[in-house]
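Notes follow once the structure below has been shown.
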Number of protein chains: 2
Amino acid sequence: MLILNNEEIESLLTVENSLVWLEKAYREQAEGKAVNRPRTDMYLPSTTEGGVYVFKSMEGGLQESKVVALRLNSDVIRWEEQEGRVTKKKDPVAPGGKWVGLILLFSAESGEPLAIFPDGVIQRLRVAISSALAAREMARKDSSVLGLFGAGWQAGAHVPAMCAVRKITKVQVFSPTEARRRSFVQEMEKKVGIPVEAVSRPEEAAHDADILVAATNAITRVIEPEWVRPGIHFTCVKDCELGEETIRKADRVAIHARNFAPENFIAGFGDERIAAHDPLDYLRAPRGGKPARAKPPFWLDAPELKDIIGGKAQGRGSPEEATCFINNIGLGIQFAAVGAGVYGEARAKGIGREIPTDWFLESVHP
Amino acid sequence: MLILNNEEIESLLTVENSLVWLEKAYREQAEGKAVNRPRTDMYLPSTTEGGVYVFKSMEGGLQESKVVALRLNSDVIRWEEQEGRVTKKKDPVAPGGKWVGLILLFSAESGEPLAIFPDGVIQRLRVAISSALAAREMARKDSSVLGLFGAGWQAGAHVPAMCAVRKITKVQVFSPTEARRRSFVQEMEKKVGIPVEAVSRPEEAAHDADILVAATNAITRVIEPEWVRPGIHFTCVKDCELGEETIRKADRVAIHARNFAPENFIAGFGDERIAAHDPLDYLRAPRGGKPARAKPPFWLDAPELKDIIGGKAQGRGSPEEATCFINNIGLGIQFAAVGAGVYGEARAKGIGREIPTDWFLESVHP
């Protein structure tokens, strides 16, 4: 069984091979040859003040690649209000000030575990690549200006991903912290070799942009309804970055996945409140009460990315349409696709550490 | 991070310590301090003829022990008809003719992975120990004759478990294969030091028994309604071994857990059939059709084991009552409880192999 680290994964992963692997997975999904076990989040009180412990997991399997991936996160998180916005933070409380996110890869032929590796690099890229695949199908062919919100981890992956599917000539980036957006500009210009401009007000990032990307950790609206002009394409890493009002401005909407657990949030805080769809619904519910059941968002019937990739739904109807891709929830098959790709590359190049597979097998009937 | 094997786990695990660990977990669950992520089964076609590949997982967390366990199985299974009964088989198709079942243990304080080990030994014992805890609360105090159906893995664990909670003086065992039940008798007599008798007809196992245990791999009825007499206690490892008619004969019913995924079976067989509660419902549904939605069984409102352990429901009302415990579905907290116990024992005794925890941590934000 192979152990890889993030540096090794980064050396094996390119925007180009990820686009190929993920596109193939969505085609399999469109053909009904892929399976996803929706993400669940299991909460316990944390010993870290102000934090809660969460164990998150999702799974996906691909019939043609004959792999299953399990992706898990074991984290202490907190919600913080920062410059008027509520953000979700993960505290690095594991030894050495680190986080715990893992992908376990299994063979769907022999059942055996093939590899375990951290999820950070893949996690970032698969979100951006899925958004880029959607943009390839939905954005105008002549899109050239990218307006970006956020200067973190996810935002950094979206720049090269969008540049790989459209001839982007300029990036306009807004993030609340000036120092942050400045260092982001330097990093990105080096990476993609086109002008990247930091702006001090969000509307400047949106100005004249053909594609708008919200890739922040905000859990409140980032893209304003009035920025949605004819011909634009806009996307996000969480639907709350858009909000209903902004999404309603789009002429055509697609989502990443419809299939998610009805109550994917399960808590063990020793009270009578029960599982909910959103942890904030839970935390806001009165003790002894039940969280309000959020009604499904109006856009949940929109075509999924697989429908567009698989040719069952149209990405764009005319140059004037405003299109929106809601990267609403992750799918296990993203990890299966990229994980299997990375595993194959690592095997071919002899990269990684080997531990005995036999440690993870048993001659006792399970 | 610690790696243990089944032999090491077996050396650390006793009926007595497992009873303590599991009882504590059910008390935590009764207090709302435990979380369970219901089991899901994700299916893909198998390259093994007549088999299907299934990736099964469940999770559980305990607030007081500060652990989370993920239990997974990556198997090729098949359904077979054997002597008029449909049974489910797991093919050992992993290298060396082995199976793949794992428990991953995490700290709910630091998030870090603590251990990985195979599930076989724990899997068997936790089922039997939960049934024994139920019998301790529900069976008559003077129960002395145990009627057992099955002579396999699960049956073998139930004998010492039941002997630990009631003064059993005789075991009557039926299983369809004579050779199998004979070797079982020898093994069990050595283990529990009381007479174990193999019988050739199922009704002989039930004759004059105070406790009936079905611990088979049958997915059809094993315990007949007419065997349910006043004062008896009966149980199973799957509700189908009892069936509605037999369960209705009980004056009092308890179940292991009510909370399970509404559609825990998710398939990727490239057709229009959708997720179902039971894989057989799926396989029997016509191509292009939908599996019939099985209506919830009548006993799903019965108290759960945690309610009885936690004192919120009564186990037995009178010596004349016939009581029934339906060990209907596994819970992640069983693996968290026994897993944490085994991990603590292994650490205390210096057992197992160590691999660097740092391999499973990351400094990249997940």
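The sequence lines fix the lettering, A, B, ..., with proteins before strands; numbering per chain opens at 1. Everything numeric here is computed off the predicted structure, so don't read it as measured data.
If you measure heavy-atom distances from B:Ile3 to chain A, the contacts under 4.5 Å come from the side chain alone. With a threshold of 4.5 angstrom between heavy atoms, B:Trp99 approaches chain A through its backbone and through its side chain. For A:Val67, the part sitting under 4.5 Å from any heavy atom of chain B is the backbone (N, CA, C, O) and nothing else. Heavy atoms of B:Ser107 lying under 4.5 Å from chain A belong exclusively to its backbone. Residue contact with chain B, scored on non-hydrogen atoms closer than 4.5 Å, is absent for A:Ile122. Of the two parts of B:Arg124, neither the backbone nor the side chain holds a non-hydrogen atom closer than 4.5 Å to a non-hydrogen atom of chain A.
Taking OH of B:Tyr53 as the start and NZ of A:Lys66 as the end, the distance is 13.0 Å to the nearest 0.5 Å. With rounding to the nearest 0.5 angstrom, the CG atom of B:Asn73 is 9.5 Å from the CZ atom of A:Phe106.
Contact count against chain A (heavy-atom pairs under 4.5 Å) is highest for B:Leu102 among B:Asp75, B:Val121, B:Leu102, B:Ile355. Contact tally against chain B (heavy-atom pairs below 4.5 Å) for A:Pro95, A:Pro92, A:Gly61, A:Gly51: the top residue is A:Pro95. When each of A:Gly332, A:Gly152, A:Gly101 is scored by its heavy-atom pairs under 4.5 Å with chain B, the top score falls to A:Gly101. Across A:Gln123, A:Glu28, A:Lys90, the residue that shares the most heavy-atom pairs under 4.5 angstrom with chain B is A:Lys90.
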Might you work through the side chain to side chain contact (heavy atoms under 4.5 Å, CB included) test for B:Ile116 and A:Phe360, ending with a clear yes or no? CA-CA 8 Å; B:Ile116 302 186; A:Phe360 307 96; 3.7 Å; yes

Passes side chain to side chain contact (heavy atoms under 4.5 Å, CB included), B:Met42 versus A:Val68? Steps please. CA-CA 9 Å; B:Met42 205 168 66; A:Val68 162; 3.7 Å; yes

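Minimum heavy-atom separation, A:Glu109 to B:Val93: O-CG2, 3.7 Å. Minimum heavy-atom separation, A:Val35 to B:Leu44: CG2-CD2, 3.8 Å.
Between the side chain of A:Glu362 and the backbone N or O of B:Val100, no donor-acceptor pair lies under 3.5 Å. Judged purely by atom type and a 3.5 angstrom limit, A:Ser110 has no side-chain atom pairing as donor or acceptor with the backbone of B:Ala94.
Contact of the B:Leu104 side chain with the A:Leu104 side chain is registered, since non-hydrogen atoms from C-beta on lie closer than 4.5 Å. You'll find the side chain of B:Leu70 reaches within 4.5 Å of the side chain of A:Leu70, heavy atoms only.
A side-chain N or O of A:Ser57 and one of B:Glu59 form a donor-acceptor pair less than 3.5 Å apart.
By the 4.0 Å N-to-carboxylate-O rule, A:Lys98 lies close enough to B:Asp358 to be salt-bridged with it.
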